[in-house]
Structure formats: structure tokens, C-alpha cells
Amino acid sequence: MKKIVVLGSTGSIGINTLDIIRRFPESFQVVGLAAGANHLLFTKQIKEFRPRVAAIFDKKAVAILAKKLKGLDTELLSGADGVIDVARHADADLVVSAIVGAAGLLPTLSAILTNKTVALANKETMVMAGEIVQREAKAHKVDILPIDSEHAAIHQLLHTPLHPPGRKQREDVKKIILTASGGPLLRYTSRMQKSVTCEEALAHPTWKMGPKISIDSATLINKGFEMIEARWLFDLPPEKIDVVIHPQSIIHSLIEFTDRSMIAQMGLPDMRIPIAYALFYPDRKPLPFKSLDLTKLAKLTFEPPDKKGFPLLQMAVDVLAAGGTLPAVLNAANEEAVGAFLQKKIQFPDIHKIVRKVLDAHLPIAAKKIEEVLMADRWARWETGKIIVRATHASPLH
Ligand code: MG
């Protein structure tokens with residue numbers, strides 16, 4: 001039986017993870033849960049799964065939890081330190097890292113430093129500090145299993161029976177191709193993007209996800225983040241990582257080998273499939289979900305991404321090549337700008353304009369230590385905040 005910690009249990013990935021765990025009580029035991037602020041759902045989850053420890057990030061919510069969970073022997077913690085303590089709980093074998101945004105970095109790193117296998121949905125961990133995280137994972141002999149559907153696809157393609165671990169498969173790979181649905185604004189020109197509302201940008205056509213990643217899909221920066229994530233997860237140079245728009249979200253990613261043979265991983269867009277893959281790895285378990293019916297697929301289409309119309313994707317590509325603290329700055333500036341957009345303080349195209357300004361103002365350094373990454377993150381949030389305040393109190397951004 002695997003002993004599991006779920007970080008971000010009340011988010012979209014967390015809920016789907018617990019859905020899988022609930023179906024296989026003989027395979028998994030939940031020993032720890034951590035959530036942000038949704039104490040209503042968190043209370044229900046704690047009552048159902050009876051973890052040994054549970055942490056809520058919002059310190060004010062812990063008193064409410066304690067009241068509702070009186071008599072239960074779950075230890076209750078709060079704040080960033082509480083979440084980290086759950087991540088490194090002595091009983092845990094596998095930590096599902098599904099906190100949204102940069103807040104996921106330190107808990108995930110803590111899990112690695114305490115030798116837990118990590119099932120990674122928090123791509124920010126790799127975007128901000130991929131080099132450091134992989135260095136520590138190697139030093140602690142920790143497996144990082146991707147939950148992100150594209151990376152779960154690549155992971156499966158690299159571990160097919162033809163390529164057992166240990167073969168020189170990296171040299172055989174010409175490139176990997178991450179697919180992108182294109183999001184809800186696929187056919188929108190720059191001009192059309194000016195009047196996009198929050199609701200339109202949140203309406204993802206194929207995947208049901210939380211608000212932050214839905215906006216990131218609409219701007220295409222999510223795919224840029226996934227390129228950076230892939231660079232570190234699979235130890236591939238940036239030039240071997242490509243993106244193609246595939247609106248149907250049936251092919252989740254592809255690998256092209258040096259002999260020009262290409263293999264793809266397919267399935268219906270249901271996050272529970274990559275989640276179960278990571279939870280059960282290296283085994284596969286039958287899942288009671290709908291099969292992909294090939295005869296019902298009208299067509300699968302592919303096109304190049306519009307990097308001019310969606311400049312955040314190009315910014316991510318540039319930042320991936322440049323490295324250092326730039327990816328952490330890109331991530332932080334974007335997170336702050338998306339937050340402002342979700343609060344309707346700025347317009348949709350302001351997201352990329354603001355991020356551009358912050359990137360241009362940054363003096364990057366090599367990110368060899370986690371403190372350097374965290375400092376760049378804090379600087380970028382401060383800088384972004386200033387620009388947002390100026391933009392919302394003065395003239396529109398140019
Ligand atoms: Mg993805």
C-alpha cells in the first residue's frame with residue numbers, strides 16, 4: 001500500500017487525485033493533506049480520508065477546522081510551514097504536488113529532500129527552479145513522475161517496452177512535441193483579444209481546470225511553462241522541445257526519433273488518467289472510464305502556434321533559452337498579472353504587456369541556489385505590483 005500526501009487537495013488536480021484514491025482503497029492510504037483556504041471542502045476531505053496530518057495555508061481557517069474536526073485524531077497545522085511539514089511527513093512514500101503557483105515550490109522541494117517520490121502537477125516547481133530540483137532529486141534518488149498530461153504522455157513514450165529504462169534513449173530522441181489545445185481564444189487576433197472578458201478566457205474548450213491554469217492556457221504561456229518543465233523533467237536541450245496546436249486534445253504529446261519515426265500518446269482529455277498513471281507507476285491499473293472511440297473522431301488537426309498573436313509563448317521560449325533567474329521572473333510576473341486580470345483590474349492583453357516590462361527590467365543571474373530563485377520571485381512580484389498599480393490609477397498600458 002502506498003502512503004500518500006496530497007498538497008493542494010481542494011484544487012482541481014487534488015479533487016481528481018482523491019477520486020482515484022477513493023476507488024482503490026486497497027492500494028492507497030492518505031497520510032497527509034494540505035489545502036489553501038477552502039475549509040468547507042477540506043473539512044469533508046479530512047473526515048473522509050482521516051489523514052494523520054492536515055495543513056491549511058490560510059492561518060485564519062485553522063480555528064474553524066479545529067472546531068469542525070473535534071474528536072478526530074488528525075493533527076492540524078497551518079501556514080506555509082504547516083504545508084511543508086505535511087510534505088515531509090515521515091510516513092509518506094509519495095507526495096502529489098498540486099498546489100497552484102509558486103507556493104508549490106518549497107513544499108515540493110521539501111518532499112524531495114526527505115526522499116519522497118513526487119507526482120508533479122505543480123509545473124511552477126520546474127519552471128522556477130528546474131535545475132536545482134533535478135539536482136536534489138538525483139542526489140536523493142527521488143523519482144519525479146509528471147501529472148501534467150503532456151509530460152505524462154512523454155514519460156509513457158520514453159518508457160514503452162521498446163525503450164526500457166537504461167537504453168540510450170535520449171540520443172535516439174530527435175525532439176519531443178508537446179500538443180496545445182490552443183485554449184478558448186485560439187482564433188482570436190491581437191485586436192480581438194482587447195475585449196476578451198474573464199469569463200471568455202476561462203472557458204477552456206477541452207480541459208476542466210482551475211482559473212489560473214485556464215487563463216495561462218488562453219494566453220498560451222501554459223505551453224511555454226510546459227516546455228520549461230519538459231526541459232528539466234526529461235533533461236532535454238531547449239532545441240529538442242517543440243509545440244504544436246492540436247485543438248481536439250486527443251494526442252497528448254509525441255516523440256520524434258532520429259530515424260524519423262514518430263510515436264504519439266492518445267486518450268480522452270481526462271486528468272484522472274495521467275494522475276492514476278503517476279499514482280500507480282510503474283504498474284498500470286484498469287480504470288472504469290470511457291474508452292477513446294477512434295471511429296467517432298471526425299479528425300485530428302495540427303497547426304503551428306501563433307507566437308505573434310500570443311506573445312507570452314515566445315517570451316517563455318526566450319526565457320527557456322536564457323535560463324538563470326528569468327524563468328522564475330516570468331512565472332512570478334505572470335502569476336501576479338493573471339491575478340489582477342481575474343480580479344478584473346487589468347485587460348487581457350495587459351497580462352503580456354506587464355510581463356514583458358518586468359522581464360525587460362530584470363537583471364538575471366544564474367540560479368544555482370533556491371534563495372536566488374526566491375529572491376527573483378519576490379523582486380518580480382514587487383515590480384509587477386508597481387506596474388499594475390500605476391496602470392490601474394493612470395493611463396492604460398502601451
Ligand atoms: Mg498540460
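Both counts, for ligands and for their atoms, begin at 1 and track the order of listing.
In plain terms, the two heavy atoms of P146 and A278 that are nearest each other are O-CB, 4.0 Å. Nearest heavy-atom pair across D216 and T219 is O-OG1, 3.3 Å.
A heavy-atom distance below 4.5 Å is not found between the side chains of Q29 and I4.
Here 3 is the count of protein N, O or S atoms positioned under 2.8 Å from the Mg ion (ligand 1), waters not counted.
Between H151 and F234, the ring-plane angle classifies as parallel under the 30° and 60° cut-offs.
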Tabulate below the donor-acceptor pairs under 3.5 Å that side-chain atoms of residues 305-318 make, not counting sequence neighbours, or state none.
residue	atom	partner	partner atom	Å
D306	OD1	K308	N	3.3
D306	OD1	G309	N	2.8
Q314	NE2	D318	OD1	2.9

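A cation-pi arrangement, defined by a distance under 6.0 Å to the six-membered ring centre and an angle within 45 degrees of its axis, is present between R272 and F289.
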